[in-house]
K.L.:
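Below you'll find the structure I mean.
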Amino acid sequence: MSALSHQWFTSINQIDANEWQRLFGSEPFTCHAFLYALEQSQCVNEQTGWQPKHLAVYENNKLIALAPGYLKSHSYGEYVFDWAWAEAYEQHGLEYYPKWLCGVPFSPIEGKRIAIEHNDHDLVYHYIKKQLNTHSIDQSWSGWHINFCEQAQANSLCTERVMQRVGVQFQWFNKGFNTFDDFLQTLTARKRKTLKKERAKIVQQNITIEWLHGVQITPEIMQLFCEFYQRTYLKRSGHLGYLNMEFFILLHALMSEQLVIMLAKKDDKVIAATLSLIGENTLYGRYWGANEDVDSLHFELCYYQGIEFAIKHNLSCFHSGAQGEHKIARGFEPVLTYSAHHIVDGDFSNAISDYLKRESQHIHIYKDQCAELLPFKNE
């Protein structure tokens, strides 16, 4: 008879890195090193509203499932927006926070959120949901949430009063291209001309792009990138961003082979930079910063260079982050994202469930409308 048990951990350091990697594999955002860097740099802790609370499940004392989790005291940095839910709670004199979130802080990247190594996944999902439900009541959480999980995982989770939510992101897919020009040939003549004009502006302004990967990224370059990132965040949002210098230094020390920095140089002076992570088949464009505004540079550095890199390294997908309808004209296709949500209060759960059903209809219509705007030639 299967004997499942569980344990909560307040730091990823309490879980063996090899055991973590055995379950999660090599994808960068759920690897032990990435989450360790977030904790060690104090980007996630109780003070920032991201208190680590990871769930481990055992069968006969063998680790068989993991869920990276955080006790949240706000909804910043999640990219699955539930502010309206929190506001409704507040209007009724109820506390929405704390809530428990399974996900990757500050990273709207879909992937395996609960890693399971067991021949009966449904049994493990049922056990995890039971423990989360019990803990939510015992600890006075408003509920629990699993963000940006794979569709199959969302489908498995969304039973027994667990609600599924969908969203839309835009991603670029490599259809066997050998060069950027191969990609351009799939576009209509008008869209192809627009992209070429945007890229030509960079050359005309005497800007060159340099790629640095792995050991080519020096500590000085990483520091320069961080300064760009924080300066850009400060200008846009009034704060220095969710991530600090120590995080980027740790990321470089622990995961350099999965990092790519792209530098934009004008007259041999670096004026902008992006930091991307490399997965098994995907390039993840994540962070950007610049010290001056240059026409079309954001498109070149954050999108076109990523496409070039994916083609050169035979990566099947380029994921450049959340939102951004402007990506459609540049060949980024709309894809659905999935999350799972459980709300303890029955009345609120019913109301949110009804809202999500209506929202889902609108999201699917929106995705279809976006697909109609793609710049590809009609086959």
K.L.:
As a quick check of understanding, evaluate side-chain contact (heavy atoms from CB on, under 4.5 Å) for L263 and I221, giving each step before the final call.
P.N.:
CA-CA 9 Å; L263 303 176; I221 289 293; 4.0 Å; yes
K.L.:
Using 0.5 Å steps for rounding, measure from the CD atom of E372 to the CD1 atom of I328.
P.N.:
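Answer rounded to 0.5 Å: 11.0 Å.
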K.L.:
Are H145 and I343 packed together at the side-chain level, in the sense that at least one heavy-atom pair is separated by less than 4.5 angstrom?
P.N.:
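Yes. Closest side-chain heavy atoms under 4.5 Å.
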K.L.:
Hey, does L212 have a side-chain heavy atom less than 4.5 Å from the side chain of V260?
P.N.:
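They are not in side-chain contact.
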K.L.:
State whether Y233 and R236 meet the cation-pi test: NZ (Lys) or CZ (Arg) under 6.0 Å from the six-membered ring centroid, and within 45° of the perpendicular axis.
P.N.:
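Relative to the ring axis of Y233, which defines the angle, R236 lies inside both limits.
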K.L.:
Going by atom types alone, do Q305 and W211 pair a side-chain donor with an acceptor below 3.5 Å?
P.N.:
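Note: Q305 and W211 side chains meet the donor-acceptor criterion.
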K.L.:
If two hydrophobic side chains count as joined below 4.5 Å and joins carry through other members, does V168 share a cluster with W172?
P.N.:
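Yes; tracing contacts between hydrophobic side chains, which count when under 4.5 Å, links both residues.
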K.L.:
Would you say that more than 12 heavy atoms from the other residues, nucleotides or ligands in this model lie under 6.0 Å from the CD of E90, or not?
P.N.:
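Result for CD/E90: open.
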K.L.:
As a quick check of understanding, evaluate salt bridge (charged side-chain N to carboxylate O under 4.0 Å, His left out) for R330 and E198, giving each step before the final call.
P.N.:
CA-CA 11 Å; R330 294 163 180 87; E198 282 184 345; 2.6 Å; yes
K.L.:
Answer yes or no on whether K53 is positioned over the face of W100, meaning its NZ or CZ is under 6.0 Å from the six-membered ring centre and within 45° of the axis.
P.N.:
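No.
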K.L.:
Would you say that F106 contacts V44 through its side chain, given a criterion of any heavy-atom pair below 4.5 Å between the two side chains?
P.N.:
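Yes, their side chains come closer than 4.5 Å.
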K.L.:
Kindly compute the distance separating CD1 (I202) from OG (S296), expressed to the nearest 0.5 Å.
P.N.:
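Answer for the CD1-OG pair, I202 versus S296, is 5.5 Å.
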K.L.:
For residues Y366 and Q361, is any side-chain donor paired with an opposing acceptor at under 3.5 Å?
P.N.:
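Per modelled atom types, Y366 and Q361 side chains form no pair under 3.5 Å.
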K.L.:
Answer with yes or no whether the hydrophobic clustering places W288 together with Y229; edges join I, L, V, M, F, W, Y residues whose side-chain heavy atoms lie under 4.5 Å apart.
P.N.:
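Result: no, two separate clusters.
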K.L.:
Drop me the distance from E210's CD to D268's CG, to the nearest 0.5 angstrom.
P.N.:
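These two atoms lie 10.0 Å from each other.
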K.L.:
Please check if atom CG in N61 has more than 12 non-hydrogen atoms from other residues, nucleotides or ligands closer than 6.0 Å.
P.N.:
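No, not enclosed.
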K.L.:
Taking C-beta and beyond as the side chain, do V294 and E292 meet within less than 4.5 Å on heavy atoms?
P.N.:
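When only atoms from C-beta onward are counted, E292 and V294 do touch, with a gap below 4.5 Å.
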K.L.:
List for me each residue that meets side chain to side chain contact (heavy atoms under 4.5 Å, CB included) alongside E333, sequence neighbours excluded, and say none if there are none.
P.N.:
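If we apply the side chain to side chain contact (heavy atoms under 4.5 Å, CB included) test to E333, skipping adjacent residues, the hits are F173, K175, L374, F376.
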K.L.:
Do E39 and N13 have side-chain N/O donor and acceptor atoms under 3.5 Å apart?
P.N.:
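Not at all, the side chains of E39 and N13 share no donor-acceptor pair under 3.5 Å.
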K.L.:
Tell me whether E280 at atom CD has more than 12 heavy atoms from other residues, nucleotides or ligands lying less than 6.0 Å away.
P.N.:
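No, the 6.0 Å shell around CD holds no more than 12 heavy atoms from other groups.
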K.L.:
Here's a test for you: under side-chain hydrogen bond (donor to acceptor under 3.5 Å, both in side chains), which of S73, S75, S142 qualifies with Y97?
P.N.:
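Testing each of S73, S75, S142 against Y97, the sole residue satisfying side-chain hydrogen bond (donor to acceptor under 3.5 Å, both in side chains) is S75.
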K.L.:
List the atom of Q205, the atom of D295, and the distance in Å for their closest heavy-atom pair.
P.N.:
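Taking every non-hydrogen atom into account, NE2-O, 3.3 Å.
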K.L.:
Is it the case that the side chain of N350 and the backbone of D347 share a donor-acceptor pair, with hydrogens and angles ignored and the cut-off at 3.5 Å?
P.N.:
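Looks like no, no N/O pair under 3.5 Å.
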K.L.:
What is the minimum heavy-atom distance between Q185 and K377, and which atoms define it?
P.N.:
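So the minimum-distance heavy-atom pair works out to O-NZ, 2.7 Å.
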K.L.:
Judged by modelled atom types alone, do E19 and H32 share a side-chain donor-acceptor pair under 3.5 Å?
P.N.:
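H32 and E19 do not have a side-chain donor-acceptor pair below 3.5 Å.
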K.L.:
So, applying ring-ring contact (aromatic ring centres under 6.0 Å, His included) with F332, which one of F170, F299, Y303, F183 is it?
P.N.:
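Only one option passes, and that is Y303.
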K.L.:
Please check: side-chain N/O of H313 versus main-chain N/O of L315, any donor-acceptor pairing under 3.5 Å?
P.N.:
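Looks like no, no N/O pair under 3.5 Å.
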K.L.:
Restricting to non-hydrogen atoms, name the atom on I64 and the atom on Y58 that form the minimum distance, rounded to 0.1 Å.
P.N.:
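Taking every non-hydrogen atom into account, CG1-C, 4.0 Å.
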K.L.:
Taking atom types as modelled, find out whether K129 and T159 have a side-chain donor-acceptor pair closer than 3.5 angstrom.
P.N.:
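Result is yes, a qualifying pair exists.
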K.L.:
Check for a donor-acceptor pair, side chain of Y338 on one end and backbone N or O of N147 on the other, with a separation under 3.5 Å.
P.N.:
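The answer is no, because no donor-acceptor pair under 3.5 Å joins these two groups.
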K.L.:
Assess whether salt bridge (charged side-chain N to carboxylate O under 4.0 Å, His left out) is satisfied between D293 and K235, documenting all intermediate values.
P.N.:
CA-CA 12 Å; D293 292 325; K235 182 178 179 180; 2.9 Å; yes
K.L.:
Does R192 use its side chain to pair, donor to acceptor, with the backbone of L187 at less than 3.5 Å?
P.N.:
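Checking the backbone N and O of L187 against the side chain of R192, a donor-acceptor pair under 3.5 Å is found.
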K.L.:
Which value, rounded to the nearest 0.5 Å, describes the distance between Q51 atom CD and L71 atom CG?
P.N.:
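Rounded to the nearest 0.5 Å, the CD-CG separation comes out at 5.5 Å.
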K.L.:
Just verifying a value: how many Å separate I128 CD1 and L132 CG, rounded to the nearest 0.5 Å?
P.N.:
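Output value for this atom pair is 7.0 Å.
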K.L.:
Would you say that Q258 contacts M255 through its side chain, given a criterion of any heavy-atom pair below 4.5 Å between the two side chains?
P.N.:
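They are in side-chain contact.
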K.L.:
Students often mix this up, so state it plainly: with edges at 30° and 60°, are the rings of Y284 and H319 parallel, tilted or perpendicular?
P.N.:
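Because their plane-to-plane angle lies in the 30° to 60° range, the rings of Y284 and H319 count as tilted.
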K.L.:
Check this for me, if you would: do K112 and E150 make a salt bridge, where the nitrogen-to-carboxylate-oxygen distance has to be below 4.0 angstrom?
P.N.:
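Salt bridge: no.
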K.L.:
Among the clusters formed by ILVMFWY side chains lying less than 4.5 Å apart, do W83 and I352 turn up in the same one?
P.N.:
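Yes.
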K.L.:
Donor-acceptor pair, distance only, cut-off 3.5 Å: does the side chain of T48 make one with the backbone of C43?
P.N.:
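Between the backbone of C43 and the side chain of T48 there is a qualifying donor-acceptor contact (under 3.5 Å).
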K.L.:
On a heavy-atom basis, which atom in V104 and which in L35 lie closest, and how many Å separate them?
P.N.:
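In this case the closest contact between V104 and L35 is CG1-CD2, 4.3 Å.
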K.L.:
As a quick check of understanding, evaluate side chain to side chain donor-acceptor pair (under 3.5 Å) for Y304 and E300, giving each step before the final call.
P.N.:
CA-CA 5 Å; Y304 302 141; E300 177 66 32; over 6 Å; no
K.L.:
Judged by modelled atom types alone, do Y125 and H118 share a side-chain donor-acceptor pair under 3.5 Å?
P.N.:
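No pair is found: no donor N or O on one side chain lies under 3.5 Å from an acceptor on the other.
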K.L.:
Just by modelled atom types, is the Q131 backbone N or O under 3.5 Å from a matching donor or acceptor in the H6 side chain?
P.N.:
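No, H6 side chain to Q131 backbone: no donor-acceptor pair under 3.5 Å.
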K.L.:
Using the ring of each side chain (for Trp, its six-membered ring), is W8 parallel, tilted or perpendicular to W141, with breaks at 30° and 60°?
P.N.:
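Ring orientation, 0 to 90° scale: perpendicular.
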K.L.:
Quick one, T337 and Y79 - any side-chain contact, counting heavy atoms below 4.5 Å?
P.N.:
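A side-chain contact is absent here, since even the closest heavy-atom pair is not under 4.5 Å.
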K.L.:
Check F148 against E78 and note the closest heavy-atom contact, atom names and distance.
P.N.:
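So the minimum-distance heavy-atom pair works out to CE1-O, 3.4 Å.
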K.L.:
State, with a plain yes or no, whether a side-chain heavy atom of F228 is found less than 4.5 Å away from one of L224.
P.N.:
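F228 reaches L224 side chain to side chain.
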K.L.:
I'd like to know if the side chain of S41 and the backbone of L38 have a donor-acceptor N/O pair within less than 3.5 Å.
P.N.:
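Yes, the answer is positive, given that a donor and an acceptor are paired below the 3.5 Å cut-off.
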K.L.:
Does any donor atom in the side chain of N45 or Q42 lie under 3.5 Å from an acceptor atom in the other side chain?
P.N.:
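There is such a pair between these side chains.
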K.L.:
Please report the C-alpha distance between F348 and Y355 in whole Å, then the side-chain angles of each, then the deciding distance to 0.1 Å, and finally whether the ring pair (Phe, Tyr, Trp, His ring centres under 6.0 Å) criterion is met.
P.N.:
CA-CA 10 Å; F348 272 99; Y355 164 76; over 10 Å; no
K.L.:
Test your reading of the model: is there a side-chain donor-acceptor pair from R113 to the backbone of A67, 3.5 Å cut-off?
P.N.:
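Not confirmed, R113 side chain does not pair with A67 backbone.
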K.L.:
Looking at H252 and F248, would you say the former's side chain and the latter's main chain have a donor-acceptor pair under 3.5 Å?
P.N.:
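Not at all, since once roles are kept as given, no pair shorter than 3.5 Å links the two residues.
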K.L.:
Do K99 and D82 touch side chain to side chain, with heavy atoms closer than 4.5 Å?
P.N.:
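Contact flag for K99/D82 side chains = yes.
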K.L.:
What is the distance from atom CG of L283 to atom CD1 of I278, rounded to the nearest 0.5 Å?
P.N.:
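Atom-to-atom, L283:CG and I278:CD1 are 6.5 Å apart.
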K.L.:
How close do V270 and N291 get, heavy atom to heavy atom, and via which atoms?
P.N.:
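For V270 and N291, the tightest heavy-atom pair comes out as O-ND2, 3.9 Å.
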K.L.:
I'd like to know if the side chain of S360 pairs up with that of H362 as donor and acceptor (distance under 3.5 Å, no hydrogens or angles considered).
P.N.:
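No, because no side-chain N or O of S360 sits under 3.5 Å from a partner of the opposite role on H362.
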K.L.:
Hydrophobic clustering (ILVMFWY, side-chain heavy atoms < 4.5 Å, transitive) - are L23 and I109 grouped together?
P.N.:
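Yes, because I109 and L23 connect within a single hydrophobic cluster, where side-chain heavy atoms sit under 4.5 Å apart.
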K.L.:
Check whether any side-chain N or O of S107 sits under 3.5 Å from a backbone N or O of P105 as a donor-acceptor pair, and report yes or no.
P.N.:
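Such a contact is found between S107 side chain and P105 backbone.
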